[in-house]
Amino acid sequence: MPGSPARGAAVGGGPRVLRKTWTELLAGRVKKQKYDPEREQKLKDSALKLLRYHQNMHDLLLEAEVPQCKKLRLSELIDCGGAEASSDPSTPFIRSAFRDQASRLGVPVGVLSARVFAHSVQQVCVEPSHPVLLSPEQSERLSSLLVSAQRLLAHNMFSRLTFCQELWKAQNSLLLEAVWRLHTHHVVSLQELLQSHPDTEAMTTWLFRNLRFLCELIGASCPSSDTVEAMLSGLVQLLISWGFQGSSDPRRLLESEKIEKMPQVAADVLQRMLAFSLDTLDADSQTTLDHQAVSGWITVYSGRTCCGMIAADSLKSFLSHALTQILTHKPVLKVSDAIQMQKEWSFAKTPHLLIDLYCRVFVTLGPEESIGHLQEVLELQEVNWQHVLSCVSTLVVCFSEAQQLIKDWVASLMARAFESYHLDSMVTAFLIVRQATLEGPYVFPSYADWFKESFGSSHGYHSCSKKTLVFLFKFLSDLVPWEAPRHMQVHIFHPPLVPSKYHSLLTDYISLAKTRLADLKVSLENVGLYEDLSSTGDIAERESQAVQDVKKAIMVFEQTGKIPMPVLEASIFRRPYYLSHFLPALLAPRVLPEVPDSRVAFIETLKRADKIPPSSYSAYRQACATAGDKQPDNTTSGQRTETNCAERPLGLLTAALEELRALMTDPTQYSVISAQVAVVSERLNAALGHRNDDDVSLRRSKIQLSVLLPTLQSQDQGVVDLLLTAFCQNLMAACSFVPPERQSSWAVLFVRTLCGHMLLPAVLTRLCQLLRHQGPNLSAPHVLGLAALAVHLGECRSTLPEVDPGVLAPPSSLCVPDFLNSLLTCHTRDSLLFCMKFCTAAISYCLCKFSAQPSASLHNCLSPGLIQKFQFIVLRLFPEARAPCSPEHTARIPWKLLYLPSADWPRAALSLWRWSSFQELLKEEEFHLTYRDWIQLELEIQPEADALSGTERHDFHQWAIYERYLPAPSAMGGCGGDLEAACTVLVSELMDFHQRSYNHSEDSDLVLGGRTGNEDLLSRLQRNICCHGSVLTYDLTIHFFRGLLNVCLRSQDPALVANRTLAECQTKCPMILTSALLWWSSLEPVLCSQWKKCYQSTLPQELQRLQEARKFASNFASDSAAPAPSPAWISAAALYFATREAGRENVTTHLKRLDCEREELLITLLFFSLMGLLSSYLTQRDTAEYQKAVDICAEVLACLERRKVSWLMLFQLAETDAKLGHLLLLAPDQHTRLLPLAFYSLLSCFSDGTTVREAAFLHVAVDMYLKLVQLFVDGETRIVLPQASRSISELQDSPVQLITKARSFLLQLIPQCPRQCFSNMTELLAGRGDCDPEVSNALQQRQQAGPSFDLSQEPHLF
C-alpha cells in the first residue's frame, strides 16, 4: 500500500532488523504480562492505531487465513463470515483496516476491498505453470483469498462490479481456473464477470482461447483430470443455458434483460469452438494439439454432459444450431464438385472424430428430427456438401431406422421436383441416394435398384407428361460432364421407361452418355453380368470381369439348378459380350473330373438350351481331351497366379479384422468401430473380387442349400471362416470388458457386412457344416460366437431371403432363424449336449443384448423351435428342473458363466431355466413346448446313443406324460386330463414318423434320425449296474427304491416297512443311503410323486431323514442353517455331496461353519472326502474335479487341525470298530488299498499340523509309506497315475516322485519324534523292512538310541 514502509525495514531509518509479525508481538505481550481486563479496550485502540499507519492490505488478505474455515465444504465456507468468522481475531481487524483505509482515501469500503482483492488475485495468477490451470501453491493462496472475500461479502464490504472491472485490467494473465473458482465459490458469478468486460470481442476471444487450452487436457493423463472435466462440463452448461434459452421460462427472460449481451457471447464462443473443430478435421492432422483439443471438445455434444442441468429444449436448440453450423460450414464446394467427389466422402473415409460428432448430435436429436433439420437447412441455406453427404452416410450406417426416413425424404424431393420442376430438389435427391448407396445394399438399396424403381415403370416420376420427360433427360444430360462412368452405365443398362413417341429423348441421352464414356476410355462391354454398377471401385478389365461372371453364374446355378437370368439375358441382348468374353471364360480348357462338377453341369445345361454354339462346344471338348499334358504346368501356374492375386486382398482383410478386434476392449474407441467395420466391408469387397452384386432378383429370391452335403468353394470357405473366426474373437474380447447390453453396435454392423456382399449363401452353408455336422467338436468360444451370430441374423430377418434346405424342408421355405434351428438335432448324446450349449448361449445372449425388451427380442431374433428345444433338453437332462423353481433358485441371466475360460454349461442352462423372467416368457403361447412338440423331439432320439440310460429315459417318459402333459390344460400345450386325447396324439405322431421314415428310407442321414424309428417311448432297457466310490449309479439307486415302494404297496403298514428297511440299510448296506443322498435332487421328485399318489401321506420318517440331511447340507453355508441331523455320517455324506456340487471357488465358503460341528461329523466328512479324492484319481476326467477334491480334503483337515481332533484312525479302520467300522462298507476294496496314495497326496496339508506331533502319527505314516511302496511294487499305482491326462498329470506326482517325497518326509520326521513313538516299530517292520532299508535302519537306530540322544549335538561322522 502506498506510504507503508517496506517489509523488513526499521521505522525511522534505524538499523535494519527483521520486524516481527503482529501475531508474534501479541503472543510476546501475553507471555510477559498478565491479562488485565481493564487494559483490554486501551490495547485494542493502540493496535488499531498502529495498523492504520503500518498496514499492507495485500499481505493482510493473504495472512488472514482461518484454519477452521480452510477445510470446510462450500456451503460452510460461505457461512464463515458468521459467528465462527467473527470469533477469529483477524476478521475484525481486516474489516476495521478496510474501513479506516477507505475513510482516509475517501472511497467506499466495498470499492477499496474489491480493488485490493482483484490485485491479489492477479498476483496469484502471475507466472502460471499452465495456460489455464493453477499450480498447487497458487491454488492454496487463492483459497485463502476466497475465504476472505466471502467474509467481506457477508458484511456487505465487497463490490462485485468493481472487482470484475479491476480484474479484467489484467485479463492476459488471468487463469481460467481462477475465474472458475471465483464462480463456484460464489464470490462473483461468471455471468457478472463476463458482463462487466468493457470489450465484448476481447472477452469472447479470451474465453475461446482458454476453452481450447482446456480441451487439450481432456483424456490426457494429468493429476487435475477431474478438475478439467468438471470445468469443461460446467462452462459448457453455462454457455448453452445462456446462448440457447428456452423462451417459455419467464425467469430466463428476466435474466436475459439483465445480461443482454450474454446470449450472443455464449453462442459466439460455442460457434467458434465448433468452427475451430471443423477446420482442424478438414486439415486431417491427427498429431497436433489442435486435434487433441478437438477430440476433447467433441465430448460436450452429448446429452450426458448436460443431463439434468439445463432444459431439454435448450439442449436440443444448441444441438440443432450445431448441426446447422456443421452443414453450412464453409460452403465452397459446388454441386458439380459434390457429384465428382462424393465417393470420397463415404462412412469409411470420413474422419472418425467427425463421425463421433455426428453420432452424438443424432443420438440426442433422434434420426427423424435430424433428417428433418437436414432437409430444412438444405432448403434455406448454402451448404457444405461434404458434411451434408457424410452426415447421410453416418445416418444410414449407424441408425437402422434412418434407411426408411431417407427413402421417404428422397421420395418427397422427387415428387416436388417433378411437380414444380424444381432443379434443386432433383439434385439433392440424386446426391443423397448416391451417397446412401455407397454404404452397401444391405444398408441402403443400390443406385441401380433406386433408378429402376423410380423411372423403370409407367408409374415413375417422369411418366406424367412430355414436360416431365424433358425435365428428366435435361437433368441427366447436364450431369454427364461430371458423372462417374458407373452411374452412366446404370442409366444406359436400366433406362427410364419412355413412350415410343418420345423415344428420341432417350436415344439422345444414351448417345451423349456413350460419347462421354468413350472419352473416358470406358467401354460398355466391360460391364459384367454380375458387376455392381453402383460400386465405387475401378472398372474391371474385360477378361477378369468375365472370369468373375463365370464364377458367379456357377454359384447361382449350384443354388437354383437353373440358368441364371443375367446369363439368359446376355445371350440375347448382349450377345457380343456373351460370345466374345463370357463363353471363352466358361469354356477354358481343363482336365474334366471323373465325377461331373458344377461347372460341367452348367455347361451341359447351356448346351441343351442352345446357348453354346456347337463349334465352340466341340472345340472345348477337344481342348479338354488334350489338356492332360499341359495340365501340371498350367495348373501350377494358374494356382500360383490365383494365390498371388488373392493373397494381398485377403491379407488386407485380415489386418482390418485384427484392427477391429483391438478396438473391442477400448471404451474410448467405440466411436471408431463403425468406421472400422466399413473398412472391413471394403476389404471384403476386394477379397471377393467386387462381388457385392446388383442382381436384385437373386438377392430377394430363395437360397437353395444342400443340408445333407453342404459344400463350398475353397476361396469362399477361407473368407467365411476368417469372418466367422473374427466375429467369435470380437465377441469374446468385447464380453471380457462389458456385457452384451453395454457393447456398441459392432455386431449388427458386422452381420450387415456378412449379408451385404452376396456372401449370405456361403455363410449359411458354412453354418450348416459347423452346426449340423461338426457341432460337438466346437469349442466354447465358437459356440458363443455362432450363437450370437444367429441372434443378429435373426435381427436382420426382414431383409434376408428365405432358405430352401432341400429334402429337409417342410412344404414352404424357412426364414433364416427357422433354418438355423433346423440344423440343431437331438439324435445322440453328443448332438443333444451341443444343442443344449447352443440354445443356452443364444437365448442368454439375446436376453442380455436386448434386456429392455426380452419378449420382443426372442420373437424377432430366435426361432420358437429353438426355445422349445431348450426346454426339452433341460427337462430331459436335469431331473431337478422338473420341479417348480423355488424363490431361492431364481437366478440372473447366466451370460457370465459362458464367456469365462471354462464355460459351465449345465450350470448356465439351469440358471437360465430358473430365471424367473425367463419362466414368465415361456408362458407365452408361441414358446410353449406342447405335448405334440415333445413327442416329435423324443422320437428323434436314438436309444442306442441316448444321453439317458434306459431307466432314466423310462422315468423321464413317465414324468413327462403323467405329471406334465396329461394333467396340463390344453391352452398350455397339455392334454387337459384326457387320456384318450393323449393316446391319440401319440399314435398320430408315431404314424407320421413312420411315414416320414419310409419316404426318406433311401437317405442315410436325415433330420428324423436316419433310422427305422423309436416307436416305444415307454420301453425299459437293461440297467447299468456300476459302482463309483461310495455310491451307486442312479439306475441302480432308483431301481432299489422302486422295489422298496412296490414292497410297501403290498404291506399293511407301508411307512413302517420303509422305515425298517432303510434303518437296516444303515448298518448292512449304507451305500444305498449315500447313493440316495447323491441323487436326491433327481430321486426326490419321483419318490414324493409316487408315494403321494399311492398313499396320500407324507414320506416315511427314514426318507424324511434323508430329506433333512440334504436340506442341512444345502443350507450349510448360511447363517440360519439348522444343526446336523443324526446320524452324523449321513449328514456328513450329504454335506460332502453338496460341497462337491459347488464350484471350486466356493469350497471354502461352503465349509466355513465346520468349526461348529461335532467331531464325529468331521471325521466321517474327511472319510467321504478321501473317497472322493481316490475316485478322482481313478476316473481322471477333469483337472478341476481333481483339484476340487484336494481342496475339500485340505479344508476338512485344516478344521480338524484347528480343533486338535485326531483323524489317524481313518487309515487304520477295522470292521470291528464300533464307531466307524461301518464306513468300510462304503469303500470299495480298491479304494481301501489306495488309502496310502491319498495319505501322501495330502502331505502338504498336515506336515506342519498338530497331528504330526501325536504319538501315533509316526506309526501311521510308516505304515502308509510301506503300503505305498508295496503298491508300486505290485504295479497298482499304474492303475491310477500313468493313465492321467496331461492336464491332471501336471498336478499329480508320478509314483516315483510321490514315494520320494514320502521317504524324504519320514527321514526328516524320524529324528524329531520322541522315543515312545517307536514302541511298536519292530512289529510294524516285521516282514516289510526290505521295502526300504534306509527308512528301516533310521527307525531302528532311533529306537535303540540312549536317553542321552540329543538332536542339537554335532554328529560324530568319523
Side-chain angles (χ1 to χ4, degrees), residues 1029-1031 1066-1067 1070-1071 1073-1074 1077 1124 1127-1137 1139-1140 1151 1154-1155 1157-1178 1189-1268 1270-1271 1280 1298 1302 1305-1306 1309 1317 1320 1324:
S1030 55
V1031 295
Q1066 291 190 29
T1067 55
M1071 192 175 289
L1073 302 183
T1074 57
L1077 291 170
W1129 70 269
I1130 288 183
S1131 297
L1135 180 57
Y1136 169 72
F1137 294 137
T1139 306
R1140 194 177 70 174
L1151 297 177
L1154 280 179
D1155 290 335
E1157 296 301 328
R1158 304 194 304 271
E1159 294 182 5
E1160 185 181 358
L1161 183 141
L1162 295 177
I1163 295 297
T1164 51
L1165 178 60
L1166 179 59
F1167 171 81
F1168 287 112
S1169 303
L1170 292 172
M1171 294 301 103
L1173 177 62
L1174 292 172
S1175 294
S1176 68
Y1177 268 111
L1178 291 168
V1190 173
D1191 292 346
I1192 295 174
C1193 291
E1195 195 68 24
V1196 179
L1197 277 173
C1199 180
L1200 289 168
E1201 292 286 343
R1202 288 193 301 271
R1203 296 182 58 177
K1204 300 182 179 179
V1205 177
S1206 178
W1207 43 267
L1208 297 174
M1209 73 288 291
L1210 291 178
F1211 295 90
Q1212 296 177 310
L1213 281 177
E1215 293 183 3
T1216 56
D1217 190 335
K1219 292 181 62 178
L1220 301 175
H1222 66 281
L1223 293 179
L1224 287 176
L1225 299 174
L1226 295 167
D1229 292 340
Q1230 188 181 34
H1231 286 62
T1232 306
R1233 290 195 304 273
L1234 293 176
L1235 276 175
L1237 188 67
F1239 183 91
Y1240 278 105
S1241 294
L1242 299 171
L1243 187 62
S1244 61
C1245 299
F1246 57 75
S1247 58
D1248 297 326
T1250 58
T1251 305
V1252 177
R1253 295 186 284 277
E1254 287 185 37
F1257 180 81
L1258 181 63
H1259 187 277
V1260 174
V1262 172
D1263 182 45
M1264 291 294 103
Y1265 173 76
L1266 296 176
K1267 288 180 178 178
L1268 179 63
Q1270 191 62 43
L1271 285 173
V1280 181
L1298 190 62
F1305 172 75
L1306 281 179
L1309 177 66
C1317 294
N1320 298 322
L1324 184 63

Return the minimal non-hydrogen interatomic distance between Leu1306 and Ala1261, and the atom names on each side.
CD2-CB, 3.9 Å
Any Thr1139 side-chain heavy atom under 4.5 Å of Leu1165 side chain:
no
Side chain to side chain contact (heavy atoms under 4.5 Å, CB included) between Val1196 and Trp1207, intermediate numbers included
CA-CA 10 Å; Val1196 179; Trp1207 43 267; over 6 Å; no
Where is the tightest heavy-atom contact between Arg1233 and Leu1271, given as atom of each residue plus distance?
O-CD1, 3.4 Å
Roughly how far, to the nearest 0.5 Å, is the OG atom of Ser1241 from the CG atom of Leu1174?
8.0 Å
If I take atom OG from residue Ser1169 and atom CG from residue Leu1166, how far apart are they, to the nearest 0.5 angstrom?
6.0 Å
d(Cys1199 SG, Leu1154 CG) to nearest 0.5 Å is 5.0 Å
Minimal non-hydrogen separation, Met1171 against His1231, with atom names
O-CD2, 3.7 Å
Evaluate the side chain to side chain contact (heavy atoms under 4.5 Å, CB included) criterion for residues Leu1162 and Arg1203: first the C-alpha distance (whole Å), next the side-chain angles of each, then the deciding distance (0.1 Å), finally the verdict.
CA-CA 10 Å; Leu1162 295 177; Arg1203 296 182 58 177; 3.3 Å; yes
Residue set satisfying salt bridge (charged side-chain N to carboxylate O under 4.0 Å, His left out) with Asp1263, at least two apart, ordered chain then number -> Lys1267, Arg1328
Sequence neighbours excluded, which residues qualify as side chain to side chain donor-acceptor pair (under 3.5 Å) partners of Gln1066?
Glu1102
Check side chain to side chain donor-acceptor pair (under 3.5 Å) between Tyr1240 and all other residues, then give those that pass, not counting sequence neighbours.
none
By side-chain contact (heavy atoms from CB on, under 4.5 Å), Ala1128 pairs with (sequence neighbours left out) Arg1158, Glu1160, Leu1161
Could you tell me which non-hydrogen atom of Pro1070 sits nearest to which non-hydrogen atom of Trp1129, and how far apart they are?
CB-CH2, 3.5 Å
Partners passing side-chain contact (heavy atoms from CB on, under 4.5 Å) against Ala1198 (at least two apart in sequence or in another chain):
Arg1202
Can you tell me how far the CZ atom of Phe1167 sits from the CG atom of Leu1220, to the nearest 0.5 Å?
9.0 Å
Show the nearest heavy-atom pair for residues Ser1206 and Ile1163, with the distance to one decimal.
O-CD1, 3.3 Å
Within this structure, what is the CG-CG distance for the pair Leu1224 and Leu1213, rounded to the nearest 0.5 Å?
5.0 Å
Hey, can you tell me if Phe1305 and Phe1257 have their rings parallel, tilted or perpendicular (30° and 60° cut-offs)?
perpendicular
Residue list, side-chain contact (heavy atoms from CB on, under 4.5 Å) with Ala1134, at least two apart or on another chain
Leu1077, Ala1109, Ala1113
Rounded at 0.5 Å granularity, tell me how far CG in Leu1210 sits from CG in Leu1223.
7.5 Å
Nearest heavy-atom pair of Leu1170 and Cys1193: which atoms, and what distance?
N-SG, 4.0 Å
